[in-house]
Amino acid sequence: MVVAVGADHAGVALKDALVVYLRARGVEVVDFGTHGPASVDYPDFAVQVARAVAGGRADSGLLVCGTGQGMAMAANKIAGVRAAVVAEPFSAAMTRAHNDANVLCIGARVVGGGVAEAILDAWLTTTFEGGRHARRVGGIVALDAARAGDAG
Ligand code: RB5
C-alpha cells in the first residue's frame, strides 16, 4: 500500500509522527511535506496529495493541518478525490466502508497523537462495503463529471 501524505505548519509535527507510524506498519509513504515549522499554505500540499491519489500513484492520502478542514476543502476540488475530515476511529472506519473515502484529513489541533494513530488503524483496516453504497458513491463520482459544467 502506498499512502501520499502532506501537511502545513500546523500539522507537520503530527504528520511526521504518523509517517513514522505508517512506515513501521510496512506502509510505503510518499511525503509531499511540508518539512518544517515555517508558515505555508495548506492548498499547496493538499493538491499534491490529491493528484497523487486521483492519478493512481498512491492508494490513499493523509493530510494534516490545524483542523483538517482546509485540507479537505482543497483536496475535494480534485476530480476523483473523496476527502473526509475525521476526529475519531468510528468515522474513520465508516467513511471507508460507506463512502470509499480515499483521502483522510486530520486536525492536529483537534486530536492528539494516540487518537490519530487509532484513526489511521481504523482507516487502514476497513474496506469499502460496496453494494448499495456503490450506487451512492457513484452519485458522487458523477458530480465530478458534471463539475466543469457547474462553472458556466
Ligand atoms: C493554519 O493556521 C490553519 O488555518 C490551517 O492549518 C488549517 O486549520 C486550515 O483549515
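Values below: all heavy atoms of this structure, side chains included; hydrogens, waters and symmetry mates excluded. Nothing fancy with the numbering, it's 1 onward along the sequence. Order of listing sets the numbers, starting from 1, for every ligand and every atom in it.
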For the residue pair [X] and [Y], what are the closest heavy atoms and their distance?
X: Leu18; Y: Leu120; result: CD2-CD1, 3.7 Å
X: His98; Y: Phe128; result: O-CE1, 3.6 Å
X: Asp121; Y: Tyr21; result: OD1-OH, 2.7 Å

So which pairs with a foot in residues 82-91 pass side-chain hydrogen bond (donor to acceptor under 3.5 Å, both in side chains), sequence neighbours left out?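 Passing the test, one end in residues 82-91: Arg82-Asp100, Glu88-Ser91.
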Neighbouring residues of ligand 1, heavy-atom cut-off under 4.0 Å: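 Within 4.0 Å of ligand 1, protein side: Asp8, His9, Ala10, Tyr42, Cys65, Gly66, Thr67, Gly70, Arg109.
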Rounded distance (nearest 0.5 Å) linking atom CD1 of Ile106 with atom CH2 of Trp123: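 Reported to 0.5 Å precision, the distance equals 9.0 Å.
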Between Asp8 and Val40 (side chain of the first, backbone of the second, donor and acceptor by atom type, cut-off under 3.5 Å), is there such a pair?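 Checked: no pair found.
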